[in-house]
Q: 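Please see the structure below; I have some questions.
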Amino acid sequence: MIAPVLPTYSRAPLSFVEGKGVWLTEAGGRRYLDLGAGIAVNALGHAHPKLVAALTEQAGRLWHVSNLYEIPGQEALARRLVDATFADTVFFTNSGTEACELAIKMVRRHWHDRGQPERTTIIAFEGAFHGRSIGAISAAGAEKLTKGFAPLLPGFRHVPFGDIDAVRAAVDETTAAIIVEPIQGEGGIRPAPEGFLAALDEIRQRTGALLIFDEVQCGMGRSGRLFAHEWDGVFPDVMMVAKGIGGGFPLGAVLATEDAASAMTAGSHGSTYGGNPLAMAVGAAVMDEICQPGFLDDVSRRAGRLAQGLAALVAGHPAVFEGVRGRGLMLGLRCRVPNTDVVAAGYSAEVLTVPGGDNVVRILPPLVITEDEIDEALARLDRAASALGTPG
Ligand SMILES: *Cc1c(COP(=O)(O)O)cnc(C)c1O
């Protein structure tokens with residue numbers, strides 16, 4: 001008999017009743033150090049006092065009015081995102097998947113509006129993840145996402161991640177855009193190779209193909225910059241954001257240049273909940289914290305300590321781990337044993353991590369994790385690894 005909750009998730013036998021900072025507590029009082037942060041969502045940890053205050057204050061005043069009316073919180077948050085990034089304009093969604101849908105619609109409509117309606121193809125990368133709608137799984141292309149869901153959305157061409165020659169060969173007169181995660185998340189914390197985004201920029205300049213960056217997982221400070229592409233100095237035409245931007249409240253966004261977005265006129269897109277007052281109150285509070293002077297430098301400094309500790313962990317358990325990769329507080333441990341075994345051993349050691357593609361264990365702690373908490377996390381990961389393999 002099918003469960004009352006559609007059984008699409010394979011859940012760990014853990015159930016939390018309370019969170020504070022980087023800690024999650026079960027009903028029986030057992031405390032776990034959370035290095036998963038709801039898959040890079042709880043950027044400021046659990047129950048951050050400023051976020052709780054922003055949400056409860058707004059909840060007592062006004063929840064929802066619809067986009068039939070003006071929502072001043074949208075204008076305020078959009079202005080801040082525009083001021084902090086390449087973008088000229090912002091559309092608010094409730095999730096990363098919805099941001100993906102709009103990104104696809106926007107680039108197609110852009111070319112339609114420019115009198116080149118044949119430019120509908122989007123080049124995407126193997127190992128990518130863009131969400132779970134038909135559009136998003138068609139964009140990612142992997143069989144584990146698409147199996148049984150045909151017919152898929154046509155118009156995607158898939159090439160190996162990081163293979164610039166394959167991109168050059170795939171671009172033609174039908175190319176509307178290239179969609180890429182500057183650091184692949186679900187694919188196993190795979191940063192784009194050095195110079196790859198710059199090479200995509202060169203293709204954009206030569207062919208006009210728009211660049212869509214999916215920063216749903218790597219954005220909002222996780223890499224040590226507000227957005228990961230800032231490390232490369234290459235800026236997109238369209239960017240998808242979600243996860244960390246709401247700190248646990250459902251919120252996503254599409255950021256775009258005026259040129260890319262100018263065909264999206266009144267009536268061309270919409271969302272019932274997107275940008276509602278509750279989400280805007282929390283989003284503003286998240287921006288307040290992440291954009292504080294020194295916050296991101298501090299993320300990078302603590303990330304250095306974590307990365308160093310993880311490198312030592314790998315060296316100490318060569319039978320369990322192969323290496324560590326990633327940027328900022330978005331790190332991946334490539335495993336020699338099944339990554340799910342490492343994650344399960346973590347549960348026993350009361351530390352939470354997230355499996356990813358390419359047999360990687362993802363380490364995505366709240367950005368506010370302290371040095372002491374990093375040391376404690378490393379000690380617990382060491383315990384987990386020791387339970388799996390012989391040290392040395
Ligand atoms: C999680 C994720 C998405 C999908 O976001 P949802 O909020 O789950 O719809 C899209 N792209 C990337 C890179 C993600 O990590």
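Both counts, for ligands and for their atoms, begin at 1 and track the order of listing. The figures that follow rest on heavy atoms only: side chains count, while hydrogens, waters and symmetry mates do not.
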Q: Please find out if less than 6.0 Å separates the ring center of F196 from that of F125.
A: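 Yes, close enough.
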
Q: Strictly by modelled atom types, are R61 and Q58 linked by a side-chain donor-acceptor pair under 3.5 Å?
A: yes

Q: Run the numbers for me: atoms of ligand 1, each under 4.0 Å from some heavy atom of D214, listed by number.
A: 10 (C), 11 (N), 12 (C), 13 (C)

Q: With heavy-atom distances below 4.0 Å as the criterion, list the atoms of ligand 1 near Q217.
A: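 Once the distances to Q217 are compared, the set is 15 (O).
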
Q: Taking 4.0 angstrom as the limit and counting only heavy atoms of E181, give me the atoms of ligand 1 inside it, by number and element.
A: 13 (C)

Q: So between R132, K243, E98, H130, whose heavy atom ends up nearest atom 10 (C) of ligand 1?
A: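 Minimum heavy-atom distance to atom 10 (C) of ligand 1 goes to H130.
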
Q: Quick test of your reading of the model: are R336 and D341 salt-bridged, counting only N-O distances below 4.0 Å?
A: no

Q: Salt bridge check: are E186 and R362 linked by an N-O gap of less than 4.0 Å?
A: yes

Q: Of all the non-hydrogen atoms in the protein, which one sits nearest to atom 8 (O) of ligand 1, and at what distance?
A: T97 OG1, 4.4 Å

Q: Is any side-chain N of the basic residue among D297 and R301 closer than 4.0 Å to the acidic one's carboxylate O?
A: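 Not counted as a salt bridge, because no side-chain N and carboxylate O are separated by less than 4.0 Å.
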
Q: Any N or O on A242 sitting closer than 3.5 Å to an N or O of ligand 1?
A: no

Q: Nearest 0.5 Å please: distance from the CD atom of E194 over to the CG atom of D232.
A: 7.0 Å

Q: Out of A99, G185, G96, who is nearest to atom 6 (P) of ligand 1 when you count heavy atoms only?
A: G96

Q: Run the numbers for me: atoms of ligand 1, each under 4.0 Å from some heavy atom of S95, listed by number.
A: 7 (O), 9 (O)

